[in-house]
2 protein chains.
Amino acid sequence: MKVCREQVAENRLRILEVAGELFKAQGFDKVTVCDVMKAAGLTHGGFYGYFKSKDDLIAQTITHLLSPAPPRGGLARIAEHYLSTDHCGNMKEGCPVAALATETLRQAPEARAAMADGVRRRIGELAQSLAGDDDRAARREAIAGMSTMIGALILARICDDPAMTREILEETRMWLSDREQG
Amino acid sequence: MKVCREQVAENRLRILEVAGELFKAQGFDKVTVCDVMKAAGLTHGGFYGYFKSKDDLIAQTITHLLSPAPPRGGLARIAEHYLSTDHCGNMKEGCPVAALATETLRQAPEARAAMADGVRRRIGELAQSLAGDDDRAARREAIAGMSTMIGALILARICDDPAMTREILEETRMWLSDREQG
DNA sequence: TAGCAAACATGATGGAGATCATGTATCCTG
DNA sequence: CAGGATACATGATCTCCATCATGTTTGCTA
């Protein structure tokens, strides 16, 4: 089964795509190379035609996950989505930083570098999106605002009591809009 | 080699202690039962005399890690420690939530429940520590403040550029004290 | 269109790690 | 102080998984 050139590029993308979902949902270690290939509609053998190793896949997947630009807007507006129950309950399609940042620290240096780069870029983009008169203030708001949203999402996900999950999401959203107005 | 009763209790504690450090530093999956026992000065065989399984160890370790009460004080004061370069660079002795929360989501239900319980308790304690006239406001501040600190610590740790790590820690600290005064 | 090389499937291989089986030395109970 | 139980060591087992080896089909190039 060989396919045309384009199909090959598509396959590579599909692998990165499903790897991203699987990693975010289950973590790097619990997902096997075989799982990824099966989810992409292939078998494990072909894997090493696309990637040097599982570590290589992880690094490239992180880069892929962080390539789209995050939504723009003020913190309150962004938080409306980021801290929604929808996003909270949907790890596999949600923010890769919240889902994978901690584990990435323990992966190979390339993976960590890819995550670090993505985070740096996103902080820059958010700061621009927030920029008013004072760039320094916008950057601070970007850093702290992003920290707040990521931390809250993680805490909300850990709670097994839905009421508490909702409380964390809502209260953090309110705190962020208070801040924005005050 | 059998030891007196007390030694047994001590051994159990030592295992939980070193397991906590290893897990926080390397994650649940990269630490083996053998690693833990070796670090505790024992061999792998005795492990199943203490714990039913590795999952059991994980759950009990989380409970153990979260049993001490967190420091009290206002957000700015707490952040001074929590967002210090020291804490940032010292995963194995640092906050278990920042180090392990995400991975705990993917562990057995008992582990997740232990983490959820700890988080609930800590939010309550922080809220009390912050309580002024308005309990609701204190609780909101506790939730959002904790989220901010945890998120910032995670982001700071991901960055491989020390300057950026420092920036994240400092700016978040400032944002939190601004909020406290404003 | 002949033949090569790419893309992928199937099936090893090899190591790691969780758990179990067994042996032994030491503590505790009578 | 005898006998059993306990705490632990050593070594075996068994599964899982990353990676490699090989074969086969099919697009591509001359």
Side-chain angles (χ1 to χ4, degrees), chain A residues 1-23 25-62 100 103-104 106-111, chain B residues 1-23 25-62 100 103-104 106-111:
Chain A
M1 270 197 212
K2 192 182 171 184
V3 214
C4 62
R5 295 268 150 149
E6 293 150 13
Q7 189 71 3
V8 173
E10 273 180 37
N11 282 348
R12 192 193 124 85
L13 264 195
R14 186 181 0 270
I15 294 173
L16 286 176
E17 209 66 41
V18 302
E21 292 192 357
L22 289 172
F23 285 151
Q26 305 174 35
F28 297 122
D29 293 337
K30 296 206 193 299
V31 173
T32 74
V33 167
C34 192
D35 290 339
V36 172
M37 294 302 276
K38 196 176 302 174
L42 301 170
T43 58
H44 65 279
F47 177 81
Y48 293 88
Y50 288 98
F51 302 96
K52 204 167 48 201
S53 64
K54 185 181 178 182
D55 279 354
D56 183 28
L57 169 67
I58 290 175
Q60 294 198 40
T61 300
I62 292 173
L100 292 171
E103 309 189 28
T104 302
R106 294 153 183 153
Q107 297 298 321
E110 293 77 18
Chain B
M1 268 197 212
K2 192 183 170 183
V3 214
C4 62
R5 293 271 152 150
E6 293 151 13
Q7 190 72 2
V8 172
E10 273 180 38
N11 283 348
R12 193 193 124 85
L13 264 195
R14 186 182 357 271
I15 294 174
L16 286 175
E17 208 67 41
V18 301
E21 292 192 358
L22 288 173
F23 285 149
Q26 304 174 37
F28 297 123
D29 293 338
K30 295 205 194 299
V31 173
T32 73
V33 166
C34 192
D35 289 341
V36 172
M37 294 301 279
K38 198 177 300 175
L42 301 171
T43 59
H44 64 279
F47 177 80
Y48 293 87
Y50 288 98
F51 303 95
K52 201 169 48 197
S53 65
K54 185 181 177 183
D55 279 354
D56 183 29
L57 169 68
I58 290 175
Q60 294 199 39
T61 300
I62 292 173
L100 292 171
E103 310 190 29
T104 302
R106 296 155 183 151
Q107 297 299 321
E110 293 77 18

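These numbers come from a predicted model, not from an experiment. Protein chains get the first letters and strands the later ones, always in sequence-line order, with residue 1 at the start of each. Note that these values count all heavy atoms, side chains included, but never hydrogens, waters or copies made by symmetry.
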* Asked: Can you list every salt bridge (charged side-chain N to carboxylate O under 4.0 Å, His left out) pair that touches residues 35-54 of chain A, not counting sequence neighbours?
  ->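 The answer is none; no pair qualifies.
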Value in whole Å for how far the [atom2] atom of [N] lies from [atom1] of [X]:
X: B:Q7; N: D:dC8; atom1: CD; atom2: C1'; result: 12 Å
X: A:D35; N: D:dC16; atom1: CG; atom2: P; result: 12 Å
X: A:R14; N: C:dA7; atom1: CZ; atom2: P; result: 15 Å
X: A:Q26; N: D:dC17; atom1: CD; atom2: P; result: 11 Å
X: A:F28; N: D:dC17; atom1: CZ; atom2: C1'; result: 18 Å
X: B:E10; N: D:dA7; atom1: CD; atom2: C1'; result: 15 Å
X: B:K30; N: C:dG17; atom1: NZ; atom2: C1'; result: 14 Å

* Asked: Got a sec? Which of residues 50-58 of chain A come in under 4.0 Å of DNA chain C, heavy atoms?
  ->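 Contacts with DNA chain C under 4.0 Å: A:Y50.
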* To do: Kindly state which residues belonging to residues 38-48 of chain B come within less than 4.0 angstrom of DNA chain C, counting heavy atoms of the residue only, listed by number.
  =>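 Correct list: B:H44, B:Y48.
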* Do B:I62 and B:F28 have side-chain heavy atoms sitting under 4.5 Å apart? ->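 Counting from C-beta outward, B:I62 and B:F28 do come under 4.5 Å.
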* Toward the 5' end of DNA chain D, by each residue's nearest nucleotide, B:G49 or A:C34 ->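 The answer here is B:G49.
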* When rounded to the nearest 0.5 angstrom, what is the spacing between SG in A:C34 and CG in A:L42? ->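 A:C34 SG to A:L42 CG: 11.0 Å, rounded to 0.5 Å.
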* Asked: From B:Y50 OH over to B:Q60 CD, what is the distance, rounded to the nearest 0.5 angstrom?
  ->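 Here the rounded value is 12.5 Å.
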* **Residues in side chain to side chain donor-acceptor pair (under 3.5 Å) contact with B:E110, at least two apart in sequence or another chain** =>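 Residues passing side chain to side chain donor-acceptor pair (under 3.5 Å) with B:E110: none at all.
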* Set of side chain to side chain donor-acceptor pair (under 3.5 Å) partners for A:E21, sequence neighbours left out ->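 Per chain and number, A:E21 pairs via side chain to side chain donor-acceptor pair (under 3.5 Å) with no residue.
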* Asked: Does the side chain to side chain contact (heavy atoms under 4.5 Å, CB included) test come out yes or no for A:V8 and A:R12, once each step is laid out?
  -> CA-CA 6 Å; A:V8 173; A:R12 192 193 124 85; 5.9 Å; no
* Least distance between heavy atoms, A:I15 atom then A:L57 atom ->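 Result for this residue pair: CG2-CD1, 4.2 Å.
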* For A:F51, check ring pair (Phe, Tyr, Trp, His ring centres under 6.0 Å) against everything at least two apart and list the hits. =>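 With sequence neighbours excluded, A:F51 shows a ring pair (Phe, Tyr, Trp, His ring centres under 6.0 Å) to A:F47, given in chain and number order.
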